[in-house]
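Here is the structure we will look at, set down as structure tokens.
Below, read A as the first sequence line, B as the second, and so on, with proteins coming before strands; counting in each chain starts at 1. Since we're looking at a predicted model, the values are computed, not measured.
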Amino acid sequence: MIKRSVISPTKILEFESSAQLTCRNYSNSWNTQLRELAKLGLFKEGLELYRQMLRFGDSPNPFTFPFALKSCASLSIPISGSQLHCHVIKTGCEPEPFVQTSLISMYSKCSLIDNARQLFDESPQSRKLAVCYNALLAGYTHNSQPSKAMSLFNQMCFSGVPFNSITMLGLIPACTLPAHIRFGMSLHGCNVKCGLDSDLSVVNCLLTMYVRCGLIDFGRKLFDEIPKKGLISWNAMISGYAQNGLASQVLDLYGKMESSEVEPDPVTFVGVLSSCAHLGAQRIGHDIEKRMACSSFGVNSFLTNALINMYARCGNLGRAWKLFDEMPEKNIVSWTAMIAGYGMHGHGEIALQLFSEMKLTGIQPDGAAFVSVLSACSHAGLTDKGLEYFSEMERKYGIRPGPEHYACLVDLLGRAGRLKEAKELIDSMSVKPDGAVWGALLGACKIHGDVKLAELAFERVIELEPTNVGYYVLLSNIYSDADNMEGVAKIRVMMRGRKLRKEPGCSYVELKGKVHLFVAGDRNHPQTDKIYEMLNRLEDLMEEMCASTKPKTYDGRRKKETVAGVHSEKLAIAFGLLNTIAGTEILVIKNLRVCGDCHLFMKLVSKVVNREIVVRDASRFHHFKDGDGVYAYTGLAFAE
DNA sequence: ATAGGGTTAG
């Protein structure tokens with residue numbers, strides 16, 4: 001032990017100042033390390049380093065807190081955040097404006113928005129800088145309080161605090177609701193006036209706002225006007241198309257991106273894979289998977305789930321299962337993608353088995369998981385099981401059923417012929433039924449030939465979706481099935497009056513990574529002659545085969561083609577048969593429902609060529625193979 | 001040295 005008396009007062013002074021200096025130096029090196037960790041996104045490690053610093057007996061200084069608080073914010077740990085708030089007060093760092101802002105941001109990101117507001121209100125007017133407003137604004141936006149974000153922006157303008165591009169980045173996403181899009185558009189105008197629209201981040205943000213609101217053309221216009229598009233611009237546009245179901249636009253844009261100098265990243269691939277899933281473009285999806293393997297970034301759960309979803313929806317359940325099985329941490333999205341995949345392909349029992357396994361691993365099902373479970377029940381004809389799950393959903397998990405769940409349930413009851421119950425269910429709904437709900441009822445009326453109920457469902461559905469041509473066609477076909485030609489004519493007049501035209505249905509087949517698209521009567525494909533030749537041969541074979549049956553089961557080409565000519569599904573199948581060898585699967589996708597006549601055609605083709613044929617349409621997969629029974633179908637094509 | 005922000009799956 002050092003005797004104090006040996007050290008002179010000057011020595012003590014020297015010692016103390018050097019100690020202080022050391023302490024400050026320590027603080028600096030702690031801060032440097034903290035900054036490095038934060039930069040690398042290693043927030044857990046950063047927080048651990050902060051604790052180590054305290055154990056070491058070093059005191060944090062004002063420069064320490066922003067990093068430590070940012071770590072709490074990123075990890076969303078309000079307890080550590082509040083502790084840090086105490087340290088801020090103890091060390092007297094509270095008045096520092098940047099510490100204040102860090103605190104506001106931390107509370108916002110930990111969902112303690114009211115604490116953030118309190119801090120903001122307590123700080124004097126002179127210290128409420130733009131950054132403070134920015135942090136709180138973004139907080140309101142991320143805590144789903146868009147109106148508060150907007151009124152804070154008004155307060156900011158009123159107080160004369162100048163806003164900047166970062167204000168916009170926090171505020172614009174608050175306008176991503178139909179109710180607020182007007183405000184968003186006025187912000188767009190405001191940005192143009194202030195010249196903030198030259199900031200790429202702001203434009204990306206506006207672009208995202210438009211596409212998320214479904215104003216996809218606005219978004220595309222903005223995108224096209226960007227002189228130097230960044231990775232995020234591409235991603236926002238690709239994801240926007242993907243979220244709006246415009247899958248072929250996604251592939252188109254991805255192709256353009258590949259020939260630009262911007263390299264795609266995982267976010268790009270997630271959007272592209274989701275579109276491959278919608279298109280059934282498994283080969284393109286597989287190419288993306290290979291392309292990802294040679295990229296520098298690693299796989300993440302978003303990517304793996306997107307791959308699982310793509311393979312599952314394309315019918316490659318084996319590959320989907322392998323990826324799923326090898327996933328170290330499966331989340332609810334992984335499980336839901338598998339459940340939906342099995343459900344779509346008629347393996348309802350496996351889908352339900354997966355659902356109970358998921359619950360056993362401790363994952364709580366959410367609304368989307370129940371949609372996949374209910375639709376699996378509907379596709380597999382497990383009516384009562386579906387009803388059980390529906391009641392379990394609210395009773396056991398407290399999930400309020402949305403219109404999407406009711407639509408599944410109406411479909412479930414409707415397919416089973418329980419139309420009266422389906423109608424009663426709609427009448428008892430706690431939320432307003434949407435087009436899909438009434439549309440499901442209308443579809444069920446088609447299967448079971450209930451004209452009266454169909455008329456009611458039609459009336460409701462076109463109130464909600466007056467321009468959805470599919471519903472007009474559906475009712476017209478119901479009338480046609482009932483030999484009510486007056487009804488058919490009535491619908492045609494109605495459609496003409498409203499200037500509605502049936503979009504041509506198209507079918508596509510994917511071959512060697514390229515999508516081949518056909519519309520009815522198509523003659524644009526380079527192999528057109530061979531395709532029609534193949535169709536003729538098939539029809540001859542079928543006629544030969546069916547000649548002996550009484551009554552004749554097929555009188556194909558002379559009957560029931562579309563106005564434009566041969567059905568698109570038939571062209572796609574003929575193309576597929578021409579270009580693939582025996583044993584390979586042909587998957588045809590149709591953007592509308594497969595028409596009834598084509599069901600019979602497919603079944604017979606699969607018999608004469610002795611191959612399984614899979615057609616996916618707007619509502620489900622259809623597997624055609626020899627020996628299958630009768631199909632219940634609903635056709636969307638006009639019965640001519 | 002220090003604070004605020006934009007793109008992703010079922």
- Message: Heavy atoms only, 4.0 Å cut-off, all strands: where does A:Leu207 land among base, sugar-phosphate and nothing?
- Response: nothing
- Query: Does NZ belonging to A:Lys70 count more than 12 external heavy atoms closer than 6.0 Å?
  - Reply: no
- Task: Would you indicate what A:Asp366 reaches in the nucleic acid, counting non-hydrogen atoms under 4.0 angstrom: base, sugar-phosphate, or nothing?
- Result: base
- Quick one: the side chain of A:Asn331 and the base of B:dA9, do they pair up donor-acceptor inside 3.5 Å? yes
- Base, sugar-phosphate alone, or nothing: which one does A:Thr208 contact when heavy atoms must sit under 4.0 Å apart? sugar-phosphate
- Message: Counting only side-chain nitrogens and oxygens, does A:Thr336 get under 4.0 Å of the OP1 or OP2 atom of B:dA9?
- Response: no
- Query: Just how far, in rounded Å, is P of B:dT8 from CG of A:Leu273?
  - Reply: 15 Å
- Roughly how many Å is it from CG in A:Leu206 to P in B:dT7, rounded to a whole number? 12 Å
- Query: A:Ala369 side chain: which of B:dA9, B:dG4, B:dG10 is closest?
  - Reply: B:dG10
- Query: Are OP1 or OP2 of B:dT7 and a side-chain N or O of A:Gln243 less than 4.0 angstrom apart?
  - Reply: no
- Query: Does A:Lys330 make a cation-pi contact with A:Phe324, if we ask for NZ or CZ under 6.0 Å from the ring centre and within 45° of the axis?
  - Reply: yes
- Item | Nearest-Å distance for atom pair CZ/P, residues A:Phe223 and B:dT7 | 16 Å
- Should the pair A:Lys44-A:Glu48 be classified as a salt bridge under the 4.0 Å nitrogen-to-oxygen rule? no
- Item | Nucleotide nearest A:Val333 when distance is taken to its side chain, options B:dT8, B:dG10, B:dA3 | B:dG10
- Item | Any N/O donor-acceptor pair, A:Ser201 side-chain to B:dG5 base, under 3.5 Å | yes
- Under 6.0 Å from the NZ atom of A:Lys385, do we count more than 12 heavy atoms belonging to anything else shown? no
- Whole-Å gap separating P (B:dT8) and CZ (A:Phe302): 9 Å
- Task: Please step through salt bridge (Lys or Arg N to Asp or Glu O under 4.0 Å) for the pair A:Glu122 and A:Arg117, ending with a clear verdict.
- Result: CA-CA 9 Å; A:Glu122 281 168 1; A:Arg117 179 76 200 209; over 6 Å; no
- Once you round it to whole Å, what is the distance between P of B:dT8 and CG of A:Asn235? 8 Å
- Task: Measure from the side-chain heavy atoms of A:Ile232 and tell me the nearest of B:dT7, B:dA1, B:dG4.
- Result: B:dT7
- Task: Round to a whole Å and report the spacing from CG of A:Leu152 to P of B:dG5.
- Result: 14 Å
- Would one find a side-chain N or O of A:Arg313 under 4.0 angstrom from OP1 or OP2 of B:dA9? no
- Under-4.0 Å side-chain N/O to phosphate OP1/OP2 contact, A:His142 with B:dG6: yes
- Message: So A:Ala368, base contact, sugar-phosphate only, or nothing? Heavy-atom distance under 4.0 Å.
- Response: base
- Of the listed nucleotides B:dG6, B:dT7, B:dA9, the one nearest the side chain of A:Asn305: B:dA9
- Task: Please work out if A:Asn164 contacts a base, only the sugar-phosphate, or nothing of the nucleic acid, heavy-atom cut-off 4.0 Å.
- Result: base
- Message: Below the 4.0 Å mark, does B:dG5 have OP1 or OP2 next to a side-chain nitrogen or oxygen of A:Lys109?
- Response: yes
- Looking at A:Asn134, A:Leu171, A:Leu196, which one forms a side-chain contact (heavy atoms from CB on, under 4.5 Å) with A:Phe163? A:Leu196
- When the distance from CZ of A:Phe67 to C1' of B:dA1 is rounded to whole Å, what number comes out? 7 Å
- Separation of B:dT8 C1' from A:Trp234 CH2 (nearest whole Å): 18 Å
- A:Lys109 (side chain) donor-acceptor with A:Ser76 (main chain) under 3.5 angstrom: no
- With heavy atoms under 4.0 Å as the rule, sort A:Arg212 into base, sugar-phosphate or nothing. sugar-phosphate
- Item | N/O (side chain, A:Gln100) to phosphate O (OP1/OP2, B:dG4) under 4.0 Å | no
- Query: Counting any heavy atom closer than 4.0 Å, what does A:Pro66 reach on the DNA or RNA strands: base, sugar-phosphate only, or nothing?
  - Reply: sugar-phosphate
- Task: Classify the side chain of A:Thr101 versus the base of B:dA3 as yes if they form a donor-acceptor pair under 3.5 Å and no if they do not.
- Result: yes
